[in-house]
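What follows is a set of notes on a single structure, which appears directly below.
Each ligand, and each atom within it, is numbered from 1 in the order the structure gives.
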Amino acid sequence: MLDKLEEVARTALAELEPIQDEEPLQRWKVAHLGRNSTLMSVFDQMGSLSKEERPAVGRRANEVKRMLEAALTAKVTEMQEKALQKSLQAEQLDVTLPGRPARLGRLHPNTQTMREIYRIFSEMGFQIYRSREVETDEFNFGLLNIPPHHPARDMWDTFHTTTPGVLLRTHTSPGQIHVMRQNAPNPIRACLPGMCYRFEQISARKDTQFAQVEGLVIDRDVTLADLKGTLNDFYRRLFGPGVKTRFRANYFPFTEPSGEMDVECFLCGGDGCGMCSGSGWLELLGCGMVHPTVLLNGGYDPEKFSGFAFGMGPERTTILRYHIEDIRHLWTNDLRFLEQF
Ligand code: DAH
């Protein structure tokens with residue numbers, strides 16, 4: 001029986017040696033380790049062996065079995081390694097092939113305008129503040145001197161939320177109250193950019209979402225001359241020293257007096273064209289001297305402090321800079337449009 005085991009081991013190992021493929025390997029496994037193999041029949045015959053023979057044969061049979069299993073594992077590893085080497089040889093990487101170009105991102109034209117605006121205001125000593133886009137009725141209207149049911153509310157068609165008294169801000173002006181309450185009674189030079197929302201009929205000139213940049217200056221002895229000087233300086237820095245501007249009187253509940261600022265139409269140079277509806281001027285912003293009630297609501301004594309404020313639409317500036325004919329292009333996310341900037 002022991003001889004038979006040696007014979008099994010020798011032939012099995014000899015047959016395994018040249019095998020290189022999966023199929024003959026499976027056949028070898030069935031033949032030498034399978035249920036009907038000679039080796040397994042030795043285990044089956046143990047019962048018929050004498051007491052003296054049985055331990056030696058049993059031990060050797062187990063050894064042979066383990067040996068064949070180890071040889072099989074080694075063969076599998078060897079074959080996998082060879083297959084890997086072969087595929088590495090056959091499918092060599094051509095590192096000289098050009099890679100896929102990584103597409104460079106770019107800033108949205110309106111972001112570019114906003115950053116230009118921050119840069120200029122920073123140079124002029126303004127701090128940039130962020131404030132919330134979801135506001136209370138009180139901050140968006142009440143504290144800005146627009147009480148409930150005041151007809152001035154018609155100037156802002158508002159998106160209300162399902163929570164009473166909570167709305168999407170219709171302008172960046174509520175940020176004025178936040179900044180004042182944070183800083184009172186210290187002087188303020190603040191710039192408050194951000195998104196605003198209005199229930200507008202969407203057209204080439206109006207969208208339901210748009211950015212604004214609010215400005216607020218509060219100090220002792222601030223006058224209308226400071227307002228005009230600051231804004232003229234700002235637009236000269238933005239559009240160039242030759243830019244022509246004008247102020248018109250207007251009404252806003254949170255400023256007194258209030259006005260609007262126009263720039264001479266870039267397209268026609270003041271002659272009047274389709275872009276400026278024939279007037280020769282393009283509207284840039286609303287502005288005015290901060291109303292005493294608003295100063296009080298922000299925590300400033302209107303007897304001691306005065307200030308000016310303004311709110312501009314940067315999309316307007318973007319459109320003027322790049323001669324974009326439809327404001328809706330800005331927020332439709334069309335790459336054919338965006339890739340031009
Ligand atoms: N909040 C105004 C609007 O959205 C714009 C504005 C006008 C802002 C006058 C001001 C201001 O700060 O003083 O129509």
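- Judged by distance alone, the side chains of H171 and E214 never bring a donor and an acceptor atom under 3.5 Å apart.
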Without placing hydrogens or testing angles, list every side-chain donor-acceptor pair under 3.5 Å for residues 191-198, not counting sequence neighbours.
| from | atom 1 | to | atom 2 | distance (Å) |
| --- | --- | --- | --- | --- |
| Y197 | OH | E133 | OE1 | 2.6 |
| R198 | NE | T170 | O | 2.9 |
| R198 | NH2 | T170 | O | 3.1 |

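- Residue pairs meeting the salt bridge (charged side-chain N to carboxylate O under 4.0 Å, His left out) criterion with at least one member in residues 42-59: none, sequence neighbours excluded.
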Which pairs of N or O atoms, one from ligand 1 and one from the protein, are separated by less than 3.5 Å, and what is the distance for each pair?
| from | atom 1 | to | atom 2 | distance (Å) |
| --- | --- | --- | --- | --- |
| ligand 1 | 1 (N) | H171 | ND1 | 2.9 |
| ligand 1 | 1 (N) | S173 | OG | 2.8 |
| ligand 1 | 4 (O) | R198 | NH2 | 2.8 |
| ligand 1 | 4 (O) | Q212 | NE2 | 2.9 |
| ligand 1 | 12 (O) | Q176 | NE2 | 3.0 |
| ligand 1 | 12 (O) | E214 | OE2 | 2.6 |
| ligand 1 | 12 (O) | F310 | N | 3.3 |
| ligand 1 | 12 (O) | F310 | O | 3.4 |
| ligand 1 | 13 (O) | A309 | O | 3.1 |

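- Using a cutoff of 4.0 Å between basic side-chain nitrogens and carboxylate oxygens, E339 and R103 are scored as salt-bridged.
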Audit row: M312, Q212, side chain to side chain contact (heavy atoms under 4.5 Å, CB included) steps and yes/no: CA-CA 6 Å; M312 57 179 71; Q212 276 194 344; over 6 Å; no
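- Under the rule for a salt bridge (charged side-chain N to carboxylate O under 4.0 Å, His left out), D154 has no partner lying at least two apart in sequence or in another chain.
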